[in-house]
There are 2 protein chains.
Amino acid sequence: MFQANPTKQAAVTTTDKVFEQIQHAIVEGKIPSGSKISEPELAKRYQISRSTLREALNRLEKCHLIERKANIGSRVVDCTIEGLLELYITREALEGMACRQAALNISDDEINQMQAMLNTHGQTQELKDGVAYYQEEGDLDFHYKVILASHNKQLIDLICGQLYHLVRMYRCQFGMNSPRASRAFDEHSRILQAIAERDGELAEMLMRRHIAASRKNIENKIAQQKFTAV
Amino acid sequence: MFQANPTKQAAVTTTDKVFEQIQHAIVEGKIPSGSKISEPELAKRYQISRSTLREALNRLEKCHLIERKANIGSRVVDCTIEGLLELYITREALEGMACRQAALNISDDEINQMQAMLNTHGQTQELKDGVAYYQEEGDLDFHYKVILASHNKQLIDLICGQLYHLVRMYRCQFGMNSPRASRAFDEHSRILQAIAERDGELAEMLMRRHIAASRKNIENKIAQQKFTAV
DNA sequence: AGACGACACATTGTCGACAAATATTTTGTC
DNA sequence: GACAAAATATTTGTCGACAATGTGTCGTCT
């Protein structure tokens, strides 16, 4: 099954739990993007002391969900078009490399697992006619697996531990159920094929194109919106 | 002049100051890599309360200099060969992309600045005959400038705000004054040239080769050490 | 009327103490 | 003497209070 963050273990301390709650609230927009965070208010809301809340805020800052300024306070990061495009460019670099490393380091077991996962995706996708593949976490699921298969702790932590919270936030807030669904599935298949053939160079190139295509898709949408707005 | 972290503003709160002190201590190995961190002891050493220290520890965790486990404690990250190689692979991905973006987004002013900087490097480098270029922060300085020139906040924060503390740590602890000094200077020149010509693809490729060459240089050294050890 | 400064308020930063969890030592038994 | 379990000690997590900093308001002066 899909899990929000394959790198972290279960929440044990109260800070952990509050952190996860606030994290979801931010990702889903319940705490609106760009809004200022009041420590006393949040502490009261979650029935915890300010110290505990601040600890949680620190972790939120670590995944780039909030920004803090000394003696001034914290704000939820705001979702801008530029931010989204910058995020995709960063993903292209990191996931591309992760994909190359996956081709070098993946185990046979992992290959089989991913193949099975893609098969499942393929069936449900045929049924739902491609609408839901992106939206339901199937897409993220595949990307997660690739990243983990890189066996590179640095990459895994950077992407899964930090970037992907932002990715999910943008997806939620911008409501991105792209029409690229069925094409994305094909691209995933080819990427996995390259990985299975241990062709790192090709694997990286395909993953970069895959992400770049998403980015360009977004750019087009934006341009379109601008056009209809005028 | 070179500054430790071009993204952050001056330290204002006591947490900031203590954070910087401990950061330097870890980077320079005064607090040995892999050692456990005692909160009470460090708090006493720096004359601050534990809450303040924990705030500083949170930031250290953010730059991957320490690792924390719930209810167990913090350890300074330990410097391993694998960790170093993983770090270089991540740098290759991120700085390569930063270089490509720099070629697209750099301003003419920035180009001139970098050109001037390289000229300075070239002169001092001729004098010192290439020994010091890597060691003295000249190398990092160039890389910093490239990353900033990408004008991509995400990339800048990831590399300058997080990765580079680790890079400096490894450089300090493994004492890496590589014989690649004079070659590195040439490579920097060509990278800047590609950037100035707005050739993003070439710029990325050259930067990736530049970093990959460093990595392979390290790998060779390791292999050599193993050989002589046997 | 607009600008500057003093005051009051709210928010963030820092502190020391208590509670919970983990590590260590002691004790008892085989 | 070695192992297991209980008791102790240390460390981490959480709390509420105080200090320092920033913000807004009001009154006075030009």
Side-chain angles (χ1 to χ4, degrees), chain A residues 5 7-26 31-78 161, chain B residues 5 7-26 31-78 161:
Chain A
N5 189 341
T7 60
K8 288 283 175 206
Q9 60 274 27
V12 44
T13 172
T14 64
T15 297
D16 291 329
K17 295 169 199 161
V18 173
F19 162 67
E20 289 186 358
Q21 289 184 52
I22 303 182
Q23 188 189 343
H24 281 99
I26 291 180
I31 301 178
S33 125
S35 67
K36 183 166 179 350
I37 285 181
S38 160
E39 291 185 5
E41 190 209 315
L42 268 194
K44 202 172 57 185
R45 171 121 62 103
Y46 289 96
Q47 310 272 24
I48 55 175
S49 95
R50 256 187 64 230
S51 323
T52 307
L53 177 76
R54 279 165 69 83
E55 183 85 21
L57 291 184
N58 271 316
R59 303 205 198 161
L60 289 169
E61 193 186 8
K62 236 183 342 199
C63 11
H64 298 112
L65 290 179
I66 71 173
E67 287 167 348
R68 299 178 77 187
K69 279 178 192 163
N71 284 317
I72 293 199
S74 320
R75 317 192 68 88
V76 178
V77 71
D78 45 31
Chain B
N5 189 340
T7 59
K8 287 284 172 204
Q9 59 274 27
V12 41
T13 173
T14 62
T15 298
D16 291 329
K17 294 170 199 159
V18 173
F19 162 67
E20 289 185 359
Q21 290 184 53
I22 303 183
Q23 189 188 343
H24 281 99
I26 290 180
I31 301 178
S33 125
S35 67
K36 183 165 178 353
I37 284 181
S38 160
E39 291 185 5
E41 188 208 317
L42 267 194
K44 203 173 56 185
R45 171 121 61 103
Y46 288 96
Q47 310 271 26
I48 56 177
S49 95
R50 257 188 62 229
S51 323
T52 307
L53 177 76
R54 279 164 70 83
E55 183 85 20
L57 291 185
N58 271 316
R59 302 203 199 163
L60 289 169
E61 192 186 8
K62 234 182 344 196
C63 14
H64 298 112
L65 289 179
I66 69 172
E67 287 167 348
R68 300 178 77 190
K69 279 178 193 163
N71 285 317
I72 293 197
S74 319
R75 317 192 67 89
V76 179
V77 71
D78 45 29

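By convention in this document, chain letters (A, B, ...) are assigned in the order of the sequence lines, proteins followed by strands, and residues within each chain are numbered from 1. None of the values given here were measured: they were computed from a predicted structure. No hydrogens, no waters, no symmetry mates; every other heavy atom, side chains included, goes into these values.
Here CG of B:L65 is found 11.0 Å from CG of B:L57. Values are rounded to the nearest 0.5 Å. Once rounded to the nearest 0.5 Å, the distance linking CD1 of B:I37 with CD1 of B:I66 reads 4.5 Å. Between the NZ atom in A:K62 and the SG atom in B:C63 there is a gap of 10.5 Å [rounded to 0.5 Å].
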Problem - Pair A:R54-A:R68, side-chain contact (heavy atoms from CB on, under 4.5 Å): steps then yes or no - result: CA-CA 11 Å; A:R54 279 165 69 83; A:R68 299 178 77 187; 3.6 Å; yes

Exercise for the section: Carefully, step by step, assess B:L42 and B:R45 under the rule side-chain contact (heavy atoms from CB on, under 4.5 Å). Expected result: CA-CA 5 Å; B:L42 267 194; B:R45 171 121 61 103; 4.0 Å; yes

Exercise for the section: Check the pair A:I22 / A:L53 against side-chain contact (heavy atoms from CB on, under 4.5 Å), numbers first and verdict last. Expected result: CA-CA 10 Å; A:I22 303 182; A:L53 177 76; 3.8 Å; yes

Handout entry: Audit row: B:E61, A:N58, side-chain contact (heavy atoms from CB on, under 4.5 Å) steps and yes/no
Key = CA-CA 10 Å; B:E61 192 186 8; A:N58 271 316; over 6 Å; no

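When the P atom of C:dG13 is taken as reference, atom CG of B:L53 falls 16 Å away, rounded to whole Å.
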Handout entry: Under 4.0 Å protein heavy-atom contacts per nucleotide of nucleotides 7-12 of chain C, with B for base, S for backbone only and - for none
Key = -----B

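For DNA chain D, the span of nucleotides reached by chain B at under 4.0 Å from its heavy atoms goes, 5' to 3', from D:dT12 to D:dT14.
Contact annotation for B:T13: backbone-only contact, meaning every heavy-atom pair under 4.0 Å involves sugar-phosphate atoms and none involves a base.
Residues B:K36 and B:I72 share a closest heavy-atom pair of NZ-O, 3.6 Å.
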